[in-house]
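Okay, structure first, notes after.
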Amino acid sequence: MQQLEQALKTALQTAAQAVFGVEIPAASLVLQPTRKDFAGSFTFVTFPLTKTLGKGPEQIGQALGEWLKASEPRVSGYNVVKGFLNLEITDAEWLNLLQTVLAQPAGAPVAVPGSPQRVIVEYSSPNTNKPLHLGHLRNNFLGYAVAEIIKATGAHVTKANLVNDRGIHICKSMLAYQRFGHGETPTSAGIKGDHLIGKYYVLFDKHYREEIKQLEAEGVATDVAKKQAPLMTAAQEMLQQWEAGDEEVVGLWRTMNGWVYEGFDETYKTIGVDFDKFYYESDTYLLGKARVEEGLEKGVFFTKENGSVWVDLQAEGLDEKLLLRADGTSVYITQDLGTAELKYEQFGYDSSIYVIGDEQNYHMQVLQATLQKLGKPYAEAIHHLSYGMVDLPSGKMKSREGTVVDADELVREVVEAAKAATLEKGKTEGLSDSELEQLYHMLGLGALKYYLLKVDPKKRMLFNPAESVSLEGDTGPFIQYSYTRTASIGRKANEMGISPKLDVTAIDELHASERDLIQELARYGSVVGSAAQTMSPAIIAQYCYELAKAYNRMFVQVPFLSEPDEAKRNLRLALSARVGEQLKTALGLLGIQVPERM
RNA sequence: GCCUCGUUAGCUCAGCUGGAUAGAGCAUCCGCCUUCUAAGCGGACGGUCAGGGGUUCGAGUCCCUUACGGGGUACCA
């Protein structure tokens, strides 16, 4: 595709030289895809040339078009509408393009010049005090997809999960468990470990609020009550015990975190995300202090009277930021400084991506600026894939108000919806029970993943339950369905004993739907490139949709197996097979699997 | 207050470095299954691109401004 465009650009320059004796400035030498309602495939805008040439836009278009039609073999025709020169490409050139596409396997790495080679993507990064919810799903799907997309550019990618396994929030669950748990376990309760812990986190909050209410009734001011409530002080005590290595507390912490990890593992498995490396905040939270020391020695950080350590980022347009508390304990950013260094030591990345919600934009700026102050070589390599919140039709998700959408439950629902729809269609006789279960799972998750990934990550999005399980239109199952059509055609061809040999020389004319499809297929490389660069799986999702649509249009317009002309039939079978492979790999980048039948 | 992001069809979203009559899906309505999967295809309806200025051959896109909304601005994470 790029070669074709490049060739046309050079031809345009030659044309301008031959006809007008001038050079087209690089800025004006832009080709854009022709709008659907006009004939042609590439459009050159002649407006910018009117000044230098002193001629009308149409006149210029006519002259250039005429020259190209006569002298450029790739151009079969042209038309001029106002300042737009639309170029039509010969079928031979389209077939040429198809051959270069087919020369590479569909899953072959797409080289992107100047793209990073060693990449680490940190995503998921859950707290271990409650189960995953809808917001985590967006994070997980984004992280997984971005990692896969960058892999597709040939880079070496490490998927990392920084587990936030320590802190006051964990102690709250632990404390509630101690008080009200009666030795309950996930097995004895028959509840997934993460949900069990989540139950106690909620329980803590409930009792805590009762205590506050009671204190308030006794005439204590609200903010004082919040600090003085017995449960809160007990939780803080527990955190100190934990940091001091108290055996009982640490033991309980290990047990309860263990339950949570079992629960998370199960969820990760069902939603199909994975990690190459786990970091635990309990291991890394002290590492940042060494970086703070380093900054003080280098004189880029400073100490206030009370002993707290700060960095002054006002020159960078930020504020003074605290790096270490007066009592010497670390804050949020302290740990991040440590983890960044650790990751660099272990993986030597030239790009380190953090998949974190956009409420932390400022924090990430501070992190990067602070690392720059320290003169860290990897500071520039830090990229924040900042994504927007997922809103519900009822408004914001708030865990305290119980308006969160639980991840496990949501997955069950989408799979159930896929099952119901599949049974209704009744096209799956002959599949075994386990194959059917797999199919429902693929479709349900396909719908959910596509739904969450098709929106630009940076934007806040609305989660509409009905639309997330929808199977029609711009949805995952629509694309999966298109894939099964290619698979079906392939099977039938096999049964009929056809092993298509593509002979492009025997084809005199292409159908419009075939040209469109070739153009779609040829775009894939640049699509992956820009998705990787902008860290946007939405671009891949859109592409899958466009490709599937182009295929379906062709599917209803021309015959495949019953095409009498053998050369044409083979071309279509080759196109169909390629579309299937391409859809499979592209959906794979989004973590979406494809069934052979549905 | 300051910083930052957003506002496109009834709803959910596309719209690449400014380019043609602003595009999809859903919803509503109308067609198409005795030939390869109708989870499909075609068509209709639907827009003062939040408002106002500016830059230019040309602005949804760039600049300024107003309104509304989100997020941030903690010795919380």
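Each chain gets a letter, A, B and so on, in the order its sequence line appears, and its residues count up from 1.
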Under 3.5 Å, N/O pairs linking protein and nucleotides 54-58 of chain B:
unit_1, atom_1, unit_2, atom_2, d
B:C57, OP1, A:K51, NZ, 2.8

Q) Where does RNA chain B pair, written as one dot-bracket string 5' to 3', with Watson-Crick or G-U pairs under 3.5 Å, ( ) inside the strand, [ ] for crossing pairs and | for another strand? A) (((((((..((((.....[...)))).(((((.......))))).....(((((..]....))))))))))))....

Q) Reckon A:N86 touches a base, only the sugar-phosphate, or nothing at all at heavy-atom distances under 4.0 Å? A) base

Q.
What contact category does A:V331 fall into here, base, sugar-phosphate, or nothing, at under 4.0 angstrom with non-hydrogen atoms?
A. sugar-phosphate

Q: Describe the nucleic acid contact of A:Y362 in one word from base, sugar-phosphate, nothing, applying a heavy-atom distance below 4.0 Å.
A: sugar-phosphate

**Q.** By side chain to side chain donor-acceptor pair (under 3.5 Å) - contacts of A:S536 (at least two apart)
**A.** none

Q.
Does A:Y545 reach a base, just sugar-phosphate, or nothing at all? Heavy atoms under 4.0 Å.
A. sugar-phosphate

Q: Return the value, rounded to whole Å, for the distance between atom CZ of A:F42 and atom P of B:G19.
A: 17 Å

Q) Is A:S530 touching bases, backbone alone, or none of the nucleic acid, heavy atoms closer than 4.0 Å? A) nothing

Q | First of A:D319 and A:Y332 reached from the 5' end of RNA chain B, by closest nucleotide | A | A:D319

Q.
At 4.0 Å (heavy atoms only), tell me whether A:N127 reaches a base, stays on the sugar-phosphate, or touches nothing.
A. nothing

Q. What string of B, S and - do you get for nucleotides 1-17 of chain B 5' to 3' if you count protein non-hydrogen atoms under 4.0 Å?
A. -----------SSS---

Q: Assign a letter to each nucleotide of nucleotides 28-39 of chain B from its 5' end: B, base within under 4.0 Å of a protein heavy atom; S, sugar-phosphate only; -, no contact.
A: --------BBSB

Q. Using the benzene-type ring in the case of Trp, are the ring centres of A:Y451 and A:F463 under 6.0 Å apart?
A. yes

Q) Relative to the 5' end of RNA chain B, which residue comes earlier, A:S470 or A:L324, by the nucleotide with the nearest heavy atom? A) A:S470

Q.
Can you list everything that forms a side-chain contact (heavy atoms from CB on, under 4.5 Å) with A:D474? Sequence neighbours excluded, please.
A. A:Y450, A:K454, A:Y545

